[in-house]
Each structure stands twice: as structure tokens, then as C-alpha cells.
Amino acid sequence: MRLIHRVAELRAALADAEDTAFVPTMGNLHRGHVALVEQARQAGRPVVASIFVNPLQFGAGEDFERYPRTLAADCEKLAATGADIVFAPDLAEMYPEPQTYQVVPPLADELCGAQRPGHFQGVATVVLKLFNMVRPRYAAFGKKDYQQLFILKGLVRQFNLPIEVLAGETIRDEDGLALSSRNGYLSPAERAEAPRLYATLRAVAAELAAGRRDLAAIEAEAAAELGRHGWAVDYVSVRSQATLLPPQPGETALVALAAARLGSTRLIDNVEVGLNPV
Ligand code: PAF
């Protein structure tokens, strides 16, 4: 496995590659990332993983400075998983002045975007740049970041990029907590509480499956349940899988999404729901 920091070197290494499979990351890798690399490896070779903590997707007061930088440990994990190239550019290599941004659709201002203005613009900008650097045939993203995955699929479609997006299932700890690099910020008491986010979304999914359709009430009850246990809730929302907008009457492929904070740690999760058509 090669560790590459420069775009020119990456281009040279990939000059003859036709089926490159790509996993963009911000490092501090966990089993969720490893599963994405494995999924990518099934799709194509060589497998490239990028590690870049992207300042554009962090808002003022967020955790850009304290986001864990663990390059050596990440490289060990990637080598053990069969990645061929790790691309870890520095800030100047990624963003020569003057900065230019990718425009994103209005959905980027909803859900996570409502609390994190500019976040998805930052994600779309770095991912488009990484796509241009790596020129992959396949690119893998986790379903835990459901809105991110949706927006990036839209980017690929809108700009006719010759890339197949692979969606990786959310990997969870035994108690249901979705793996996230930010779980490491949780105190022991917060870690014990954290699985409630997934449990609450599963309860929402069960209400929907049982036939309830009063979405506003279901969402409010779920948010109140989290609030009672010390969470500061950004949103609980039931959306259409097809549009990520509030579902139309009769839509059956739904997704329940939530973002909420325990102390200073913001966690997100989601549960897909397939309803029986009436
Ligand atoms: O999901 C992430 O880790 C990041 O948002 C991504 C896609 C690597 C862009 O920085």
C-alpha cells in the first residue's frame, strides 16, 4: 500500500487504472470505514482511500480543531483491509487560493443543514475535487450519513459523473450505537445513553409499520423521549427515501432520521422503513 500526499503523484499512480474504487474519509477509521473499503474492493481495483479533515464542512465552533488525526493507525487498518493507495493531501494541496465552492440544492439547508449552514456545500466541494483527483469508477459512502449520501448521489447524477455510488450499511456496536468517529468524544455516562438514538428511531419505524401516519406527532413524541433523557434534539424527521422531503400521501419507502446532542457531542442516525402499500 502506498501513502501519497500529492495530486500529481496520485495521477501518475492511477494513470492506467480503469476500475478504481474510492472511499473518501476524514480518517480516525473504525469498522464502518473498514466495511466500506471491503465493499469497494469487491467492486473494483485499485482501492483508494482518502484521508482529509475538510475544514469547509465544519462550522464556527464545531470540532474541526479537535477532530482526531490518526494517520499512522489509519494506514495500518487500510493496509490490513487491502487498500492499495492512501491519499492524504494537506490543506494547500487540496485548496489552492482562491477558494471555489460547489453549489448544492435547497435540501442541503434542511435536516442537518439547518443546524450546520454550509456543511453540505463543504462536503460537495471536497468530494467533487476528490473525484476529479482520483477519477474513480466506484465510490463508497456510508448510509449513516444519509443526507450526505443523498446529496452526493445527486451531485453524481447532476454532473453526469461516470461514477457508481456504493451505499454501505451502517455498522453498529452490539448495543445499536452507530459507529462514528465522534463516539470517542462521549463520556462513559454519555456512551451508555447513546444507543437511545437508534432505539428511538426504531420505535418511530415501528409506529409507522403499525399504521400510524400522524408524522408530526410521531416526530414530536420521539424528540420529547430523547429530551427526557438529556438529549438536545436538533431534529427527528420522517422523510421520503426517494426525495428526502416530507413524504407524499401513500409513499411507502420512508426513512426516519435524527440528529441530537449528548453534552457537546452531536450524533446522527437513521432507520429505513418500508411500509406495506394500502
Ligand atoms: O463522511 C465523511 O467522512 C466526509 O463527509 C467525507 C465524505 C469524507 C467528505 O469530507
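Please read these numbers as outputs of a predicted model, since none were measured by experiment. As the structure lists them, so they are numbered: ligands from 1, and atoms in each ligand from 1.
Inclusion of T25 in the set of residues having an N or O under 3.5 Å from an N or O of ligand 1 is not warranted. The shortest N/O to N/O separation between Q57 and ligand 1 falls below 3.5 Å.
For the residue pair Y146 and E272, a side-chain donor N or O sits within less than 3.5 Å of a side-chain acceptor on the partner.
Under the 4.5 Å side-chain contact rule for hydrophobic residues, I151 and V126 do not share a cluster.
The protein heavy atom nearest to atom 5 (O) of ligand 1 is Q148 OE1, 2.7 Å.
The contact set between ligand 1 and P24, taken as ligand atoms under 4.0 Å from a residue heavy atom, comprises 8 (C). Near V126, with a cut-off below 4.0 Å to any heavy atom, the atoms of ligand 1 are 9 (C), 10 (O).
One N or O on the side chain of S180 and one on the backbone of R182 form a donor-acceptor pair closer than 3.5 Å. For D74 (side chain) and N28 (main-chain N/O), a donor-acceptor pair under 3.5 Å exists by modelled atom type.
Pairing each heavy atom of H5 with each of L71, the nearest pair is CE1-CD2, 4.4 Å.
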